[in-house]
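The chains referred to below are lettered A, B, ... by the order of the sequence lines, with proteins before strands, and numbering in each begins at 1.
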Amino acid sequence: MKELPKIYDPRQVESRIYDFWMDGGWFRADRGGDKKPFTIVMPPPNVTGQLHMGHAMDCTLQDILIRYKRMQGYNALWLPGTDHAGIATQIKVEEELRTKEGLTRHDLGREKFLERVWDWKQKYGDTIVRQQRKMGASCDWDRARFTMDEGCSRAVREVFVSLYEKGLIYKGSRIVNWCPHCVTALSDAEVEYKEKPGNLWHLRYPITGEPGRYVVVATTRPETMLGDTGVAVNPADERYKDLVGKTCMLPLMNREIPIVADEYVDLEFGTGCVKMTPAHDPNDFEVGLRHNLAAIRVLDDNGCVNENGGKYQGMDRYEARKAVVADLEALGLVEKIEDYVHNVGTCYRCGSDVEPIISAQWFVKMEPLTHEAIRVVKDGETKFVPERFTKNYINWMENLHDWCISRQLWWGHQIPVWYCDDCGKMTVAREDPTECAHCGSKNITRDPDVLDTWFSSALWPFSTLGWPDDTEDLRYFYPTDVLVTGYDIITFWVSRMIFSGCEHMKKTPFHTVFIHGLVRDDKGRKMSKSLGNGIDPLEMADKYGADALRYNLVTGNSPGNDMRFYVEKCEAMRNFANKLWNASRFVMMNLTIDKNELPGTLELEDKWILSKLNDLAGEVNENLEKYELGIAAQKIYDFIWDSFCDWYIELTKARLTGDDAAAGEQAQRVLLYVLTETLKLLHPFMPFITEEIFQALPHEGDALMIQRYPVYRPELAFPAEGARMEKVMEVISAIRSRRSEMNVPSQKRPHLFIAAEDREAFESGQGYLRRLAMTGDVTVAAEPPADAESMVSVVTRDARCFLPLSELVDLDKERERLGKELEKNRGFLEGQRKKLANEKFVSRAPENVVAAERERAEKLEALIANLEESLRRLG
RNA sequence: GGGAGCAUAGCUCAGCUGGUUAGAGCACAUGCCUUACAAGCAUGGGGUCACAGGUUCAAGUCCUGUUGUUCCCACCA
């Protein structure tokens, strides 16, 4: 028998157990056999990333599901990997380059710079993987992928070319979101709008040929006026009817620009006149197209005024803003300046204000792709859990603009397009071409841009399984089963995986999207580097154990809702782990058997705990199937702590320490069985400690992690015996409560007289009544003892108990107490009777509900009768 | 402007398809080193389930509205 330390120390256990699993090869998913596949692809964290609390939660939820499915007998594949994370990674490497060597990427050149990024990836790329292992992640590491590995890159290329061939990818000059700091275009999804205080400048543009007359336009970005090529009014606006068709003079630039009429202009807002800057505003761009307005770009890629900005050339956008306003004021052309709070688009990576800029970029034509992506969700082929996120998804899908996929970065999948220097045409190819496909010229230059990171992530569920090749893995494991991710990433990623799966695989990539919320700090704020309020999951795992951290992250919250992180909860969960540890120690210390087998005959308390365990197994399976992980975890917690430790272990002590060896062994067998089944139930949630204990117990099979997950078994349901046991437990609780009220010292062990109908239940349980209710001898009879009047009485629904503690009793107080209890229960009974007297209730409520209410009423009546009897005896 | 969530004990939150006298952790109070565990045991106090209507035999749970709060989407110069 193995002696275990008194306090569970996860540090001694976790890494050893993890190695044990790895050595066993149990994380590897096989194909075929008589098992079915179950697949989760891990949302790939950034290569340069550190595990934060959100990852830890994500990781825990996935690991619970995959371990559960593995134990159910599936070929369970959890496919891990990392994402190259274009902008994020490039920024990091550039920063290091600047601070350490004072260089920019341009100093190095593309090739050398990319070498540096790959070096960086080699160096830090496995940090997060190590951290995931610490959390207990049971991924198939042999299948780990990277979005820029050879296979994923081929998938990206295939998708780009085939979408191009289908006419779903095009290059066009359009307004895009431009980050002047990252110097690249961004997709709509990568822009975060933030409310910022600003101004609304009202500017006067003189009407041509009508001295002294102006149109007044309002703007939040006065510097863009340098690129104005028109003024628009609403065609229905009576105020400006005569101006349409005329021109005005653009101040500072002295450019004559037309006044046009367009529905886009809101009559109510501002003056009803809008300056048109087609090169720097998406709406103006559209209006410009309708009225043939020129698009004059006045900002360069760094956000500085370019050669089209006259004397302001070279100023950055904010400098130019001040200068333009100052000059206009000097000319008397600023009518007024209002304070104005408006939404400003910012870069989701660096936070700089995004500038809408006209630019030649690559786009995915979204509209044709959305139909199937919407259908599969509407038809339930892919379901969101919780369901409410479906609406988010559909709404987003239905209002999509084309997806800008080109980025002016170096780190990423370079766009497979070559431009011919001679004929000017494009060659789009699966293999790198040596000549122009149109004229055969060798003078071809590759498009320098790379693809949006999410372009490759969108293919993750099938590129990781071998696509575009027709691999065995792909055929076996695709479509995958569940995607686990936070709600913040539905638009970025989930939606794109769905339409990509539909388009390229003709099947939606997963049947369930399991959404979780954000992990916030104890004040409800997002954890962030800038706030410095992040809690390192590894520190928590180290201090309290990965199991405790996992339990913290999965209990007490429900799918899709944010949770607050409390260190105290880690402590509580560590205590729970320790509780289990000590319960296991207790079982082991009393173990003389070496085989896990239930005994042939069972005592009442055995049947009670087995029945409880059986119910638990049934419920936990139900909850897990419905993704109610927190509820399942809570039930297991309650079972272990309340039912198993606080009751059952205590109940077995009489047998274990008694003289009857056979009875002792019987108790051992049940203890071992119940503990082992409980470990199985808990294993997906707390993998380390459960495996460690399992290995120390007599067991069959190599590892707990590959045992069969318990299910409900009708032959182990003992509802009648369970109810009888609870009669006794109720008496124990009632006596304890009375003792506590009366401050009876625990050394005091009074004789216990019980008057009850079901005498057998109480007679057979004398041992544990003595032990748990701290009494002396127990006498069970049909009627109370003769001198019951002088004793302390304790009343339950099924028994009247009498304790000769008269010296401690104040008869008046006793009467008062009984009276109060009687009052209370009469109140309940009255309610109950009313309900049962209600003809509508009896006729309309389901039979079982009515029966339950009847039974409840009967029990109340019994309790009241007992109370009345006791009170009567007191006189 | 459109949409969604949340509002339950002092704090943080569970409460699944309506059905016991609404639960947990932490905190609090009292008594216990009872040979698994003081990271523990026993007992106890504490809640008009935001507000107002409605549906129902029955509402914390479903519907409508109100208030407060958080978030997502759109982006009107």
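Here A:W403 pairs with A:F455 under the ring-ring contact (aromatic ring centres under 6.0 Å, His included) rule; sequence neighbours left out. Under the ring-ring contact (aromatic ring centres under 6.0 Å, His included) criterion, A:Y205 pairs with no residue, sequence neighbours left out. With sequence neighbours left out, the ring-ring contact (aromatic ring centres under 6.0 Å, His included) criterion links A:F586 to no other residue. Scanning for side-chain hydrogen bond (donor to acceptor under 3.5 Å, both in side chains) contacts around A:H291 gives A:D262, with sequence neighbours left out. Checked against side chain to side chain contact (heavy atoms under 4.5 Å, CB included), A:D402 has the following partners two or more places apart in sequence or in another chain: A:Y170, A:R174, A:F363, A:K365, A:M366. In this structure A:Y240 satisfies the ring-ring contact (aromatic ring centres under 6.0 Å, His included) test with no other residue, sequence neighbours excluded. Every residue was checked against the side-chain hydrogen bond (donor to acceptor under 3.5 Å, both in side chains) condition with A:D646, not counting sequence neighbours, and none meets it. With sequence neighbours excluded, the residues forming a side chain to side chain contact (heavy atoms under 4.5 Å, CB included) with A:T224 are A:T219, A:R221, A:K275, A:T277, A:H280, listed by chain and number.
In this model, the phosphate group of B:G44 is approached by a side-chain N or O of A:S737 to a distance below 4.0 Å at OP1 or OP2.
A:G630 comes within contact range of no nucleotide atom at all, as no heavy-atom separation falls under 4.0 Å.
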Whether each nucleotide of nucleotides 21-39 of chain B has a protein heavy atom under 4.0 Å at its base (B), only at its sugar-phosphate (S) or at neither (-) is summarised, 5' to 3', as B--SS----------BB-B

In 5'-to-3' order, the base (B), backbone-only (S) or no-contact (-) status of each nucleotide in nucleotides 68-77 of chain B, using a 4.0 angstrom heavy-atom cut-off, is ------BBBB

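For the side-chain hydrogen bond (donor to acceptor under 3.5 Å, both in side chains) with A:R797, the qualifying choice from A:E730, A:E861, A:E858 is A:E730, the only one to do so.
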Secondary structure of RNA chain B per the Watson-Crick/G-U criterion (both distances under 3.5 Å; [ ] crossing, | other strand, . unpaired) is (((((((..((((.....[...)))).(((((.......))))).....(((((..]....))))))))))))....

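If A:S733 and A:E628 are placed on RNA chain B by their nearest nucleotide, the residue sitting closer to the 5' end is A:E628.
The stretch residues 565-584 of chain A participates, sequence neighbours left out, in these side-chain hydrogen bond (donor to acceptor under 3.5 Å, both in side chains) pairs: A:N582-A:R585.
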